[in-house]
Amino acid sequence: MDSTVFPVDKFRTLKTVVRNLCQGLSSLLFPTACIVCDQRIEEPQAVVCQNCWSDLKLLSVDIIKTKPIPEQLDAILPVFEFNDTMQKIIHGLKYGGYKSSGIHLGRLMASRLPREFLLKDTLLMPVPLHPIKKRERGYNQSLFIARGVAEVSGNTVRDNILKRVKNTVTQTHLDARERHENMLGAFAINRSCDLSGINSVVLIDDVFTTGATMNAAAAVLKSYGVASIRGLTVAAPI
Ligand SMILES: [Zn+2]
């Protein structure tokens, strides 16, 4: 037996015990407040309370039908209403570092999807951030949403195929045409990736507004021969 293995393992165990003890003490002394309603949360490490998760509303089929499908996509499916609760959860996911909320949102979405939406060979691709934005934020929130979806659906997540090559300005104050122009040439395919054999992709993003971002990402995938590209988002405004 390698004599160095045992002490290292022992040290790790001790570190874990100390970390768990500190977390336990900290949640006892400073109970977490829900990032949405500010009520105390009993579950360790949760940042959103059960009441607020229950407050999320599925978008009705009638509302989804009013959303224009961007021309490069075959379908779009925003799952929840972008209500005040959702706005706060997504804000925490993007700017507060609460990645676990992204995973939980993904799980909730997947459990509500029609089975035929995610067939086995469909790849899940989170819409990538530009490297500068990713460095600032530290992570891509859509990757965590995709991981949550995959946990339930069993589909494969690929976040190394698409890349964002243009650091676009924020789209909040742009109209649909300006958003479309803003996104032109925003995405590319990583050179080392072989897309042959990929027939079905579901792009994953947080909020669906005009779909300009997903459209630009889909255009690049289509140009590489991907036959079916659909968009799945956590939410869309009513
Ligand atoms: Zn709450």
Side-chain angles (χ1 to χ4, degrees), residues 16 19-64 66-67 76-114 117-118 124 126-127 129 133-134 136-153 155 157 159 170-173 202-209 211 213-214 231-238:
T16 312
R19 195 193 304 127
N20 291 345
L21 201 67
C22 288
Q23 282 170 351
L25 268 174
S26 134
S27 59
L28 203 67
L29 295 170
F30 313 104
T32 319
C34 171
I35 58 168
V36 179
C37 69
D38 218 25
Q39 295 296 306
R40 179 181 165 149
I41 305 179
E42 302 301 336
E43 302 94 333
Q45 279 150 50
V47 292
V48 177
C49 74
Q50 281 308 324
N51 281 345
C52 288
W53 283 122
S54 317
D55 198 33
L56 299 183
K57 305 225 169 15
L58 286 175
L59 266 181
S60 72
V61 176
D62 289 341
I63 298 284
I64 296 171
T66 65
K67 305 290 177 194
I76 51 137
L77 184 51
V79 179
F80 295 102
E81 289 181 5
F82 190 68
N83 58 14
D84 287 349
T85 301
M86 183 59 90
Q87 195 257 330
K88 286 177 182 159
I89 294 174
I90 289 183
H91 190 273
L93 166 64
K94 287 171 81 167
Y95 307 110
Y98 302 126
K99 300 173 204 166
S100 61
S101 302
I103 293 182
H104 194 62
L105 282 170
R107 290 187 197 125
L108 292 177
M109 287 157 72
S111 62
R112 285 156 175 82
L113 288 178
F117 195 85
L118 286 177
L124 306 178
V127 171
L129 295 179
K133 200 167 273 177
K134 194 176 164 192
E136 286 166 2
R137 193 169 294 170
Y139 57 93
N140 177 5
Q141 71 280 357
S142 298
L143 173 60
F144 291 90
I145 300 165
R147 284 181 181 163
V149 173
E151 259 186 39
V152 176
S153 70
N155 292 73
V157 178
D159 70 332
T170 178
Q171 309 218 86
T172 320
H173 304 295
V202 164
L203 290 167
I204 295 192
D205 208 351
D206 44 38
V207 183
F208 181 89
T209 39
T213 308
M214 281 194 164
L232 175 65
T233 69
V234 176
I238 306 169

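Remember, it's 1-based here, ligands and their atoms both numbered in the order they're listed.
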(Q) Looking at E81 and K57, is there a salt bridge between them, counting it only when a charged N and a carboxylate O are closer than 4.0 Å? (A) no
Q. Side chains of N51 and Q39: is there a donor and an acceptor less than 3.5 Å apart?
A. no
(Q) Does Y98, at its OH atom, have more than 12 non-hydrogen atoms belonging to other residues, nucleotides or ligands within less than 6.0 Å? (A) no
Q) If you round to the nearest 0.5 Å, how far is CG of L113 from CE of M109? A) 6.5 Å
Q) Counting no waters, what protein N/O/S atoms lie under 2.8 Å from the Zn ion (ligand 1)? A) C34 SG, C37 SG, C49 SG, C52 SG
**Q.** Aromatic F208 / basic K67 pairing, under 6.0 angstrom, 45° off normal
**A.** no
Q) How long is the span from the CZ atom in R147 to the CG atom in L124, to the nearest 0.5 Å? A) 12.0 Å
